[in-house]
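Lettering of chains follows the sequences in order, A, B, ..., and the numbering in each one begins at 1.
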Amino acid sequence: MAKELTSRSENYSQWYNDLVVKADLAENSAVRGCMVIKPYGYAIWEKMQAALDRMFKDTGHVNAYFPLFIPKSFFSKEAAHVDGFAKECAVVTHYRLKNDPDGKGVIVDPDAKLEEELIVRPTSETIIWSTYKNWIQSYRDLPILCNQWANVVRWEMRTRLFLRTAEFLWQEGHTAHATKQEALDETMQMINVYADFAEKFMAVPVVKGAKSENERFAGALDTYCIEALMQDGKALQSGTSHFLGQNFARAFDVKFANKEGKEEYVWATSWGVSTRLMGALIMAHSDDNGLVLPPKLAPIQVVIVPIYKNEEQLNVISEKVNVIVEKLKAKGISVKYDYLDNKKPGWKFAEYELKGVPVRLAVGPRDIENGTVEVARRDTLTKEVTSLEGVDVYVEQLLNDIQESIFTKALNFRTEMITKVDSYDEFKEVLKNKGGFISAHWDGTKETEQKIKEETKATIRCIPFDREEETGTCFYSGKPSQGRVLFAIAY
RNA sequence: CGGGAUGUAGCGCAGUCCGGUAGCGUACGUCGUUCGGGACGACGGGGUCGCAGGUUCAAAUCCUGUCAUCCCGACCA
């Protein structure tokens with residue numbers, strides 16, 4: 001099955017490593033687990049970026065950019081935060097190289113040691129809040145609603161392609177507010193933006209909820225998340241939005257004068273999604289023929305493959321196809337007419353399936369004669385012949401259908417994979433044989449969650465916002481519970 | 001950082017036990033026939049066998065070291 005993201009899995013080199021993206025490792029270097037995103041893979045990321053950026057701007061946010069390097073001292077200012085990130089930081093200690101006096105190559109110049117080490121950002125809360133300090137004096141300066149598109153580095157012990165790479169691309173929103181309520185609203189608003197993006201663009205259904213204390217972001221008072229389910233039954237945290245309270249404002253001494261002229265600490269949020277979403281996209285929809293991309297994120301939405309024996313035939317076909325291409329473009333549909341004769345039609349069919357192109361049109365002599373075109377859809381791998389006249393309208397509708405159909409398929413799968421469980425035996429049984437989300441009562445304590453994790457590797461993915469009010473008893477401890485939470489094995 | 005595996009042509013691999021100077025599939029190039037689901041034939045180009053030492057007349061193969069990757073843990077977004 002083409003669902004594992006492992007290099008040894010059957011189809012990896014065929015459709016994943018070679019075509020979409022490659023975790024490329026510099027030889028003999030300490031650059032481990034970083035990823036190279038090839039042009040086609042990057043085009044998908046660009047589509048995601050564009051859609052998200054639009055949504056951020058529609059909710060009043062602006063983009064900004066902050067430094068890659070963060071002075072070490074900034075990190076020690078928020079205790080929980082440093083605890084969370086200290087173990088996975090890349091540290092810059094020198095600023096110069098020189099020729100090795102004893103021979104070949106270059107060495108780090110020992111005379112060029114930095115007074116204070118610089119940390120390559122694992123996340124930008126600290127550098128941004130030290131900057132915000134200078135931007136904020138009065139309630140009139142608030143709110144600040146900034147987002148940055150950037151790369152960050154987390155020196156993970158073990159990396160997993162897309163899901164946990166040492167360097168990754170992401171966006172991080174950092175907002176500052178005058179009131180607690182406004183910050184809470186912002187936190188909630190952004191998790192909703194993420195959920196909308198996941199469901200409407202990626203066609204990946206997600207559960208919105210709050211993290212348990214154990215799983216919370218380092219330095220946050222509350223973490224909201226969206227959790228998606230992959231085809232192998234494992235959960236993937238796909239986006240988070242944090243209510244930071246006044247923790248960072250206190251740490252960086254960011255105060256403002258309120259309407260009464262009194263000094264108060266600023267309220268903060270941060271939120272982010274990363275190239276991990278590409279992993280989610282791939283693992284949620286792909287099949288053994290390769291990628292299945294939702295039309296809204298497909299760099300190429302329609303590919304047209306002519307079938308011909310000679311140039312004369314091609315010319316006749318092209319004349320008809322060019323009209324369609326123009327019509328599709330006029331509708332804002334990205335279309336590629338692959339008329340080159342260096343590959344055969346069969347090869348092209350397989351190739352574009354591998355790349356997840358949602359709709360393929362094939363036009364050959366037979367179609368020219370009958371005024372028809374063959375339309376194939378990637379998600380169902382079905383083909384039908386339709387009239388060439390008006391195919392643009394047909395395709396436009398089809399793209400919408402595919403978008404919806406991919407989502408419905410994923411949603412049905414997820415619904416099937418949420419299992420209600422009331423005993424520990426049942427819990428273990430479902431984890432082992434079925435996977436997916438397990439909806440169960442939990443007593444709300446760290447200790448219970450920790451023990452369940454140790455014994456089964458399952459963690460609480462979230463406490464869903466829309467859970468039913470239902471009292472019960474914790475399946476593990478037998479203590480009273482206020483409602484069900486979702487457990488799962490996660491990536 | 002522990003346990004296991006791997007490193008040989010762009011990619012996927014065989015060859016290693018038992019040392020004799022590197023091969024298969026695919027991709028690539030030329031020509032011809034093909035072209036409605038990854039075409040076929042003929043010829044051809046491409047490899048410091050991860051790296052560094054050692055043993056030997058001779059090392060992809062044996063020995064030592066080292067680097068890197070993958071999988072399983074621990075850790076984490």
Here the side-chain hydrogen bond (donor to acceptor under 3.5 Å, both in side chains) pairs for residues 197-208 of chain A, sequence neighbours left out, are A:Asn192-A:Lys208
Separation of B:A74 atom P from A:Gln450 atom CD, nearest Å, is 11 Å
Rounded to whole Å, the CD-C1' distance (A:Glu351 to B:G38) equals 9 Å
Pairing partner of B:G73, by Watson-Crick or G-U wobble and under 3.5 Å for both distances, is B:C1
Show the numbers, then the answer: is there a ring-ring contact (aromatic ring centres under 6.0 Å, His included) between A:Tyr224 and A:Phe465? CA-CA 9 Å; A:Tyr224 301 154; A:Phe465 291 146; 5.1 Å; yes
>> In whole Å, measure the gap between the C1' atoms of B:G65 and B:G29 for me.
In response: 42 Å
Here the residues of residues 364-379 of chain A within 4.0 Å heavy-atom distance, strictly under, of RNA chain B are A:Gly364, A:Pro365, A:Arg366, A:Asp367, A:Glu374
Separation of B:U34 atom P from A:Ile307 atom CD1, nearest Å, is 18 Å
Contacts of A:Phe69 meeting ring-ring contact (aromatic ring centres under 6.0 Å, His included) (sequence neighbours excluded), chain-then-number -> none
Taking a pair to mean Watson-Crick or G-U wobble geometry with both distances below 3.5 Å, B:G37 pairs with none
Name the nucleic acid region contacted by A:Lys211, choosing base, sugar-phosphate or nothing; use a 4.0 angstrom heavy-atom cut-off, strictly under. nothing
In whole angstroms, the gap separating C1' of B:G37 from CG of A:Leu354 amounts to 14 Å
A:Glu374 meets the side chain to side chain donor-acceptor pair (under 3.5 Å) criterion, sequence neighbours left out, with none
Contacts of A:Lys432 meeting salt bridge (charged side-chain N to carboxylate O under 4.0 Å, His left out) (sequence neighbours excluded), chain-then-number -> none
- Message: Using the C1' atom as the point on both nucleotides, what is the distance between B:U61 and B:G7, in whole Å?
- Response: 15 Å
If I pick the P atom on B:C57 and the same atom on B:C13, what distance separates them, to the nearest angstrom?
37 Å
I'd like the P distance from B:G25 over to B:G45, given in whole Å. 16 Å
Comparing A:Trp347 with A:Arg216, nearest RNA chain B nucleotide closer to 5' gives the residue A:Trp347
When both distances are under 3.5 Å in a Watson-Crick or G-U wobble arrangement, the nucleotide paired with B:G65 is B:C51
Given the C1' atoms of B:C11 and B:G38, what is the spacing between them in whole Å?
16 Å
Between CZ of A:Arg154 and P of B:C75 the distance, given in whole Å, is 18 Å
side-chain contact (heavy atoms from CB on, under 4.5 Å) test vs A:Leu361 passes for just one of A:Val305, A:Val395, A:Thr386, namely A:Val395
Value for CD (A:Gln237) from OG1 (A:Thr459), rounded to nearest 0.5 Å, stands at 9.0 Å
**Report entry** Whole-Å C1' distance, B:U66 and B:U26
**Finding:** 33 Å
For a quick test of reading the model: is some side-chain N or O of A:Lys344 closer than 4.0 Å to OP1 or OP2 of B:A39?
yes
message: I'd like the P distance from B:A22 over to B:C63, given in whole Å.
response: 23 Å
note: A:Lys343, atom NZ; B:A27, atom C1'; distance rounded to Å ~ 9 Å
The Watson-Crick or G-U wobble partner of B:G29, with both key distances under 3.5 Å, is B:C43
A:Ala350 has its side chain closest, among B:C35, B:G37, B:A77, to B:G37
Sorted by position of nearest nucleotide on RNA chain B, 5' first, the leading residue of A:Gly346 and A:Glu454 is A:Gly346
Taken to the nearest whole Å, CG/A:Asn342 to C1'/B:G29 is 14 Å
For nucleotides B:G15 and B:C24, find the distance between their P atoms and express it as a whole number of Å.
15 Å
So salt bridge (charged side-chain N to carboxylate O under 4.0 Å, His left out) across residues 67-77 of chain A, not counting sequence neighbours, yields A:Lys72-A:Glu117
So, does A:Lys348 get its side chain near the phosphate of B:G36, meaning an N or O under 4.0 Å from OP1 or OP2?
no
Describe the nucleic acid contact of A:Phe217 in one word from base, sugar-phosphate, nothing, applying a heavy-atom distance below 4.0 Å. nothing
Regarding the side chain of A:Lys457, the nearest nucleotide among B:G73, B:A77, B:C35 is B:G73
note: A:Gln313, atom CD; B:C35, atom P; distance rounded to Å ~ 10 Å
d(A:Glu384 CD, A:Arg377 CZ) to nearest 0.5 Å is 8.5 Å
B:C57 -> Watson-Crick or G-U wobble partner, both distances under 3.5 Å, gives B:G20
